[in-house]
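Reviewing the structure listed below.
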Number of protein chains: 2
Amino acid sequence: MTAGYGTLGYMKSSPQRTFCTDTQWVGRAHCKHCNIRHLMLFTGLPDAAFDDLLQPIDNCSFPAGSVLFEEGQNNEAIFSIRSGMVKMMSLTPDGGRRIVRLLGGGSAIGLELLEPGNRYRHSAIAINTVDACQIPLATMLSLDAEYPQLCQQVRKRLQEHLDRADQWIVTLGTGPARKRVAHLLLLMIEYSTRPNNDIELLGGEDMAAIIGTSTETVSRILADLKRRRLLEKVSTHTYRGDVTALRAITREMVR
Amino acid sequence: MTAGYGTLGYMKSSPQRTFCTDTQWVGRAHCKHCNIRHLMLFTGLPDAAFDDLLQPIDNCSFPAGSVLFEEGQNNEAIFSIRSGMVKMMSLTPDGGRRIVRLLGGGSAIGLELLEPGNRYRHSAIAINTVDACQIPLATMLSLDAEYPQLCQQVRKRLQEHLDRADQWIVTLGTGPARKRVAHLLLLMIEYSTRPNNDIELLGGEDMAAIIGTSTETVSRILADLKRRRLLEKVSTHTYRGDVTALRAITREMVR
DNA sequence: CGGTAAATTGACTGCTCTCAATTTACGTGG
DNA sequence: CCACGTAAATTGAGAGCAGTCAATTTACCG
């Protein structure tokens, strides 16, 4: 009576390791002199905006695997990612986990707290070392009240998140597993900051939680892609993707 | 060489019927005296805001099946839905179609045009008769520039869209088909305005484009649910759902 | 009442899940 | 630097779920 094909065993990844070598406090953020402010949430705010903050903004470094915040919590803080990559993870009704977004430098997360009474909608977990500024909600709200440009920036970022979510549905939630893996690899290449279409592969469990399959299926497909030279090993965990061939996979049709 | 299991034939639904008994112009919108304004995008704007609109806002009725706008186009208009339901549809890279959202009264669509240079990201198609107000982009931008409350409302709606997109990924894009159908039915019941958990079933092709399966699979699962009385026929196309039992399906686990 | 589109159902293929056994990778401590 | 132990990745075997093709029935519109 344990017959094969249980419904969602493949969603129930092992509990999140909180190796969490504790978050490292880098220092008070220096928004006024931030050298990448033009890419960040606070673009367009005048320097004077940072003179009398309600609560200070901290700059923190999160090691790979650490948790910025968890679904259902409310830390009263929004995070502005300076560098590194974060996975946004949700629980499924049957106890599984699903990654709904990958976000990197320039993105802001936890914006849902801006709507009153809200809690975090996802767990945010660092994939590699993440450098982020932690903006207290109170600070955010008071800036938002005073500077209308900020709401425009928030709107722009929400729209980007929405675009990514839709792309996620269309490319990573549709079709056979091989096609979804190809889409994911192309996405990683696109998000990557490295030259030459080089990407650091995610762990198998993460990839499975992204495309909604078992880890074994992911492993088999990756093995096949490596065998067929669509993925060439550059170094440990790092591979060079054949973009043209991967794109061809995503477009394969019948008839 | 036509062997079974082609990659995405099931995504290629027949071309959208544009029966489109033409959109009916109901009249100039009377925002100032709109009896549901408190539910709409323009909540919180003072009456005076509507005195000198750059371009007039029209109130239109769209019959089932008609197209409000199409992916890639740019009609320079945002739509505020008063009643009825709209499906937001995207093309997949291999020529298929996927529905990424269902939206009803109170929602605003086409907000992506607020970011300069953008085109519609989806095709918006009426599922039943839709009553909507068509807000010219120029009007929207000038109101947005003058009244900061409007950006807050836009932000709130984008956040709602994002929440729905994430829910879509987690509940409709994950797990075996039966579970996804159960989630979809519960969603329809939730969105429905009828009493008694009664819902009007979508066409099979639409349901397939929502959960990402073939129409045949949808049909088989629905037949099974009807047989097992989780769906009781009320009238043509209208069924009463057994919410408890459907929820149980969504939570089924192994182990 | 006839004609077309949609829904249903069956047969069959094959993709992907589960279970299980290795193998590989990696951090720890000697 | 190597040995060890644990976690992750790989691979195989078997079974179930879902896609395709095709035939039929039902629904709906004129």
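Every chain is numbered from 1 and lettered A, B, ... according to where its sequence line falls, protein lines coming before strand lines. The basis for the numbers below is simple: all heavy atoms, side chains too, and nothing from hydrogens, waters or symmetry mates.
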Item to check | Separation of atom CG in L201(B) from atom C1' in dT26(D), rounded to whole Å | outcome: 16 Å

Next on the checklist: Which label fits Y120(B) and F69(B): parallel for a plane angle under 30°, tilted from 30 to 60°, or perpendicular past 60°?
Outcome noted: parallel

Next on the checklist: Whether E200(B) and R194(B) form a salt bridge (side-chain N of Lys/Arg under 4.0 Å from carboxylate O of Asp/Glu) is what I want to check.
Outcome noted: yes

Checklist outcome for this item: Whole-Å distance, E216(A) CD to dA20(C) P, equals 12 Å

Item to check | Whole angstrom value for the distance that separates C1' of dT20(D) from CE of M253(A) | outcome: 15 Å

Next on the checklist: Starting the side chain at C-beta, find the nucleotide from dT10(D), dT16(C), dC26(C) nearest to H237(A).
Outcome noted: dC26(C)

Item to check | Distance below 4.0 Å between S219(B) side-chain N/O and dT8(C) OP1 or OP2 | outcome: yes

Next on the checklist: So does D198(A) get a backbone contact from the side chain of S192(A), meaning a donor-acceptor N/O pair under 3.5 Å?
Outcome noted: yes

Checklist entry - How close or far is atom P of dC17(C) from atom CZ of R178(A), stated in whole angstroms? => result 13 Å

Next on the checklist: Below the 4.0 Å mark, does dT16(C) have OP1 or OP2 next to a side-chain nitrogen or oxygen of S214(A)?
Outcome noted: no

Checklist entry - Does T213(A) have a side-chain nitrogen or oxygen under 4.0 Å from the phosphate oxygens OP1 or OP2 of dT16(C)? => result no

Item to check | Whole-Å gap separating C1' (dA6(C)) and CG (L222(B)) | outcome: 13 Å

Checklist entry - Can you check the I221(B) CD1 to dA18(D) C1' distance for me, whole Å? => result 9 Å

Item to check | Check: D166(A) main-chain N/O paired with R98(B) side-chain donor or acceptor under 3.5 Å | outcome: no

Checklist entry - D163(B) and Q159(B): side-chain donor and acceptor closer than 3.5 Å? => result yes

Item to check | Atom-to-atom span, CD1 of I249(A) to P of dC15(C) - whole angstrom | outcome: 14 Å

Item to check | Nearest-neighbour nucleotide for the T217(A) side chain, dT16(C), dC28(D), dC26(C) considered | outcome: dT16(C)

Checklist entry - Do R220(A) and dT18(C) have a side chain to base donor-acceptor pair shorter than 3.5 Å? => result yes

Checklist entry - Could you give the CE-to-C1' distance, from M207(A) to dT16(C), as a whole number of Å? => result 16 Å

